[in-house]
Amino acid sequence: MVIPLFSVSAISFLSVLLRLLTKSGGLAAFIVGFPCSVDLSYVTLIFWFFISSNIFSKMGEQSKVQISDEYRKSIRGAKQVYYIGLIPSLFAWIDLLGQIGCIPNNSSWYLQHEKAFFIFAVHYAASNSDTWASEVGALSVGKVRLITNMKEVPKGTDGGISLLGTFAAVLGSLSIAVLANYFSSGILWPVFIIGFIGNIFDSVW
């Protein structure tokens with residue numbers, strides 16, 4: 001638990017230092033990440049999501065700001081961190097409390113590590129799929145179509161999809177699924193498929 005906890009602390013601190021997160025965002029990242037220090041598997045998925053999403057958000061930044069003001073907000077705050085990380089963090093908390101004996105095995109709140117990690121992985125597969133689709137799709141030179149009726153729409157439109165963005169969404173979910181499968185064998189395809197479908201539902205709604 002020491003190495004994962006150190007990793008969470010380092011990520012939070014460096015994120016503020018490199019101006020990827022505000023100070024409140026860095027604190028939120030530590031709060032969300034602390035229960036994930038129960039296991040290196042949780043930290044690995046968070047680390048990959050955070051690093052990859054920031055790399056893609058910086059890619060073609062000048063072009064993106066011309067599409068939408070949303071792309072100007074390169075420094076994320078606590079609200080964005082909680083929006084993405086709070087729910088999976090709760091499952092990590094349940095896993096942590098179960099492992100240290102605070103939640104008895106016969107309790108309705110008890111959740112096996114494998115199940116908690118699967119839910120955690122699916123969430124980040126969907127989040128990674130959505131982030132990669134948005135950040136990479138914004139650089140597409142092809143047509144953008146609304147997912148609900150396939151009508152052509154301007155770049156940056158909510159629910160708009162492109163071939164490049166969809167390809168990025170597939171790879172985003174798959175990358176999380178591959179990492180998750182390394183720690184918990186046999187979950188690659190379920191995590192990948194559910195994560196990608198989650199991104200599709202997010203685009204629709």
Side-chain angles (χ1 to χ4, degrees), residues 4 7-8 11-12 14-15 18 20-21 25 28-29 32-33 35-37 39-61 64 70-71 73-92 95 116-140 147 156 158-205:
S7 301
V8 169
I11 291 172
S12 302
L14 290 174
S15 298
L18 297 174
L20 300 175
L21 293 175
V32 165
C36 302
S37 60
D39 196 274
L40 186 60
S41 58
Y42 289 116
V43 177
T44 301
L45 297 195
I46 289 179
F47 181 78
W48 173 243
F49 168 76
F50 183 75
I51 293 299
S52 65
S53 63
N54 275 285
I55 289 174
F56 285 128
S57 68
K58 297 297 181 184
M59 189 182 296
E61 195 170 20
K64 291 176 183 176
E70 286 297 315
Y71 290 107
K73 301 174 184 178
S74 57
I75 304 179
R76 294 173 171 83
K79 184 178 179 180
Q80 291 166 299
V81 173
Y82 286 132
Y83 178 78
I84 293 175
L86 187 59
I87 292 177
S89 177
L90 293 176
F91 286 96
D95 188 10
F117 180 65
F118 177 78
I119 296 170
F120 187 91
V122 164
H123 176 92
Y124 274 101
S127 297
N128 209 44
S129 180
D130 177 61
T131 302
W132 286 27
S134 299
E135 298 295 345
V136 178
L139 303 176
S140 175
I147 193 171
D158 287 341
I161 60 172
S162 64
L163 186 60
L164 180 61
T166 302
F167 181 66
V170 169
L171 292 183
S173 182
L174 183 60
S175 65
I176 290 289
V178 169
L179 288 173
N181 191 69
Y182 175 80
F183 292 101
S184 184
S185 180
I187 65 172
L188 190 153
W189 292 112
V191 169
F192 163 60
I193 293 171
I194 299 173
F196 179 69
I197 291 175
N199 167 57
I200 298 298
F201 271 101
D202 183 67
S203 297
V204 172
W205 301 105

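Note that these values count all heavy atoms, side chains included, but never hydrogens, waters or copies made by symmetry.
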Inset, instruction - Can you run down the ring pair (Phe, Tyr, Trp, His ring centres under 6.0 Å) pairs that involve residues 158-190, sequence neighbours left out, and say none if there aren't any? - result: W189-F192

Checking [X] now: which residues fulfil side-chain contact (heavy atoms from CB on, under 4.5 Å) with it, not counting sequence neighbours?
X	result
L86	Y82
V81	L21, A28, A29, V32
I51	F47, I55

Legend entry - Student check: side-chain heavy atoms of K58 and L20 closer than 4.5 Å: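 Yes; the side chains approach each other to less than 4.5 Å.
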
Legend entry - Test item: W132 and N199 side chains (from C-beta on) under 4.5 Å apart, heavy atoms: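 A side-chain contact under 4.5 Å is absent here.
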
On a heavy-atom basis, which atom in [X] and which in [Y] lie closest, and how many Å separate them?
X	Y	answer
A116	Y42	CB-OH, 3.5 Å
A121	I176	O-CG2, 3.6 Å
P35	S89	CG-OG, 3.2 Å
E135	S57	OE1-CA, 3.3 Å
A133	A169	CB-CB, 3.8 Å
G186	P190	O-CD, 4.2 Å

From [atom1] ([X]) to [atom2] ([Y]), nearest 0.5 Å:
X	Y	atom1	atom2	answer
F117	C36	CZ	SG	10.5 Å
I200	T166	CD1	OG1	6.5 Å
D95	S41	CG	OG	8.0 Å
N54	L18	CG	CG	9.0 Å
I84	S127	CD1	OG	5.5 Å
D202	I197	CG	CD1	13.5 Å

Inset, instruction - Could you tell me which residues satisfy ring pair (Phe, Tyr, Trp, His ring centres under 6.0 Å) with Y124, sequence neighbours excluded, listed by chain and number? - result: F49, F120

Legend entry - Listed partners of D130 passing side-chain hydrogen bond (donor to acceptor under 3.5 Å, both in side chains), at least two apart: none

Inset, instruction - Report yes or no: does S53 contribute a side-chain atom to a donor-acceptor pair with the main-chain N or O of F50 at less than 3.5 Å? - result: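 Side chain of S53 to backbone of F50, a donor-acceptor pair under 3.5 Å: yes, one is there.
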
Legend entry - Distance-only side-chain donor-acceptor flag, S175 / N128, under 3.5 Å: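 Yes, a side-chain donor-acceptor pair sits under 3.5 Å.
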
Legend entry - F118 atom CZ: more than 12 heavy-atom contacts under 6.0 Å: yes

